Amino acid sequence: MRLLGLAISLAMLAGCGVDTASTAATGASIKKQELEEGQRAQDRAQQRIEQMQETMQQRAQQAAGSEK
């Protein structure tokens, strides 16, 4: 009877370990997706900044050219 109880307990603990590993893997996957999304957002922001700088530079050149 004790052996059966021990076997059931070990099976339950093993199941918890699998669940914990699965949860950790899911959490890591979510963090990876968040990191990738953050990187894409940063890239888009950098592109916008570069576009704004080009526009400002063009306007400055136009303004300098119209003053002559």
Side-chain angles (χ1 to χ4, degrees):
M1 192 63 151
R2 284 186 178 181
L3 188 56
L4 179 60
L6 180 62
I8 290 173
S9 296
L10 287 175
M12 289 172 51
L13 286 174
C16 290
V18 170
D19 186 44
T20 301
S22 174
T23 301
T26 301
S29 176
I30 290 170
K31 290 293 182 187
K32 181 181 175 191
Q33 289 176 346
E34 290 175 350
L35 181 63
E36 290 171 349
E37 286 179 25
Q39 184 64 44
R40 285 191 295 270
Q42 184 176 0
D43 291 343
R44 285 191 302 269
Q46 184 62 38
Q47 288 175 349
R48 288 183 192 136
I49 290 169
E50 290 171 0
Q51 288 173 347
M52 292 171 125
Q53 288 175 333
E54 286 180 29
T55 301
M56 289 174 59
Q57 190 173 25
Q58 289 171 357
R59 288 181 182 170
Q61 289 173 351
Q62 288 174 351
S66 67
E67 291 179 2
K68 291 182 179 181

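Predicted, not measured: the structure shown is a model, and the values here were computed from it.
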TODO: Rounded to the nearest 0.5 Å, what's the gap from NZ on Lys31 to OG1 on Thr26? Could you check?
DONE: 13.0 Å
Could you list the donor-acceptor pairs under 3.5 angstrom formed between side-chain atoms of residues 32-50 and any protein atom two or more places apart in sequence or on another chain?
| unit_1 | atom_1 | unit_2 | atom_2 | d |
| --- | --- | --- | --- | --- |
| Gln39 | NE2 | Asp43 | OD1 | 3.2 |
| Gln46 | NE2 | Glu50 | OE2 | 3.3 |

Open item on the list: So, taking the atom named CD in Gln61 and the one named CD in Gln57, what distance separates them when rounded to the nearest 0.5 Å?
Closed with: 5.0 Å
